[in-house]
Chemist: 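Would you mind keeping the following structure in view while I ask a few things?
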Amino acid sequence: MKTGKENILDKIGRKDGMTVPDGYFDDFQLRMEAMLPPNEAAESTAAIQPPRSFWERVRPFVYMAAMFAGVWCMIKMFALMSGGAVDLSIDNNEVLTRALSDDNFVYEYLRDDVSDREMFEEMYLDSISVEDMIPADSLDEAVH
């Protein structure tokens with residue numbers, strides 16, 4: 001009775017047709033050197049490399065230092081461009097102070113973003129009456 005677990009290589013054999021004569025690679029290096037043309041440059045003493053100059057020895061370190069300096073400059077530039085901590089208080093910002101003191105600016109740009117309910121709640125919390133918010137000359141014009 002067969003188990004079905006037979007080795008397939010035993011059935012077909014291990015011979016693939018690629019063979020070399022016995023001892024072929026034993027003296028392969030010597031035969032290959034005999035076939036190549038002579039190379040005078042490799043055999044002469046001039047093929048020995050001269051000693052490296054000072055610059056050739058130092059160059060990798062100079063390149064590495066330049067690379068680190070470049071990275072440092074990039075980080076410094078990004079830090080300068082980010083602006084860091086910006087003081088946005090009204091006391092130190094002359095332009096913002098001037099804009100908020102202009103009634104037209106406040107009514108045209110800020111008033112549209114705030115609902116009436118929020119405005120009245122803010123006035124109530126700050127104890128500001130509606131009469132204090134309306135300029136006196138506007139009241140005179142409305143009465144006349």
Side-chain angles (χ1 to χ4, degrees), residues 1-138 141-142:
M1 192 153 92
K2 292 188 176 185
T3 60
K5 294 184 179 181
E6 298 173 8
N7 191 351
I8 189 108
L9 293 176
D10 291 339
K11 282 184 173 182
I12 61 170
R14 295 182 184 260
K15 192 137 179 115
D16 61 357
M18 302 283 222
T19 60
V20 293
D22 291 334
Y24 180 78
F25 289 108
D26 292 341
D27 61 345
F28 181 76
Q29 182 180 359
L30 297 173
R31 287 185 289 126
M32 183 59 74
E33 287 177 3
M35 289 185 207
L36 292 175
N39 188 354
E40 292 85 20
E43 295 171 1
S44 69
T45 57
I48 299 173
Q49 292 190 0
R52 294 183 342 175
S53 68
F54 176 73
W55 172 246
E56 289 174 339
R57 286 181 281 152
V58 174
R59 183 172 35 193
F61 300 108
V62 171
Y63 288 165
M64 190 168 45
M67 187 252 331
F68 282 118
V71 169
W72 180 81
C73 286
M74 281 190 333
I75 291 172
K76 188 73 169 169
M77 186 59 69
F78 290 145
L80 290 173
M81 288 183 351
S82 69
V86 177
D87 186 17
L88 295 177
S89 64
I90 295 175
D91 299 335
N92 296 333
N93 194 335
E94 182 181 326
V95 175
L96 189 58
T97 304
R98 223 175 333 154
L100 291 176
S101 65
D102 183 18
D103 290 337
N104 291 331
F105 176 81
V106 172
Y107 287 128
E108 291 294 323
Y109 296 103
L110 298 181
R111 179 83 161 85
D112 290 340
D113 293 341
V114 179
S115 69
D116 290 338
R117 180 183 175 100
E118 290 174 356
M119 179 74 82
F120 288 128
E121 283 180 8
E122 188 68 29
M123 289 169 48
Y124 177 75
L125 292 174
D126 291 341
S127 301
I128 299 174
S129 66
V130 175
E131 290 80 23
D132 293 339
M133 292 293 292
I134 301 173
D137 55 347
S138 299
E141 291 175 9

Chemist: Can you list everything that forms a ring-ring contact (aromatic ring centres under 6.0 Å, His included) with F54? Sequence neighbours excluded, please.
Modeler: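 Counting only residues at least two positions away or on another chain, F54 forms no ring-ring contact (aromatic ring centres under 6.0 Å, His included).
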Chemist: Which residue pairs satisfy the salt bridge (charged side-chain N to carboxylate O under 4.0 Å, His left out) criterion with at least one member in residues 70-79, sequence neighbours excluded?
Modeler: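 Qualifying pairs, neighbours excluded: none.
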Chemist: Tell me, please, which residues at least two apart from R52 pass salt bridge (charged side-chain N to carboxylate O under 4.0 Å, His left out).
Modeler: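 Salt bridge (charged side-chain N to carboxylate O under 4.0 Å, His left out) list for R52, sorted by chain: empty.
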Chemist: Can you list the residues that meet the side-chain contact (heavy atoms from CB on, under 4.5 Å) rule with Q29, with sequence neighbours excluded?
Modeler: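 Scan of Q29 (side-chain contact (heavy atoms from CB on, under 4.5 Å), adjacent residues dropped) gives E33.
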Chemist: With sequence neighbours left out, write down each residue that passes salt bridge (charged side-chain N to carboxylate O under 4.0 Å, His left out) with D26, or none if nothing qualifies.
Modeler: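 Counting only residues at least two positions away or on another chain, D26 forms no salt bridge (charged side-chain N to carboxylate O under 4.0 Å, His left out).
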Chemist: Is the count of non-hydrogen atoms from other residues, nucleotides or ligands lying under 6.0 Å from D22 atom CG greater than 12?
Modeler: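 No, not enclosed.
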Chemist: Side-chain donor-acceptor pairs under 3.5 Å in residues 55-66, sequence neighbours left out?
Modeler:
residue : atom : partner : partner atom : Å
E56     : OE1  : S53     : N            : 3.1
R57     : NE   : S53     : O            : 3.4

Chemist: Evaluate whether atom CE of M67 has more than 12 neighbouring non-hydrogen atoms of other residues, nucleotides or ligands under 6.0 angstrom away.
Modeler: yes
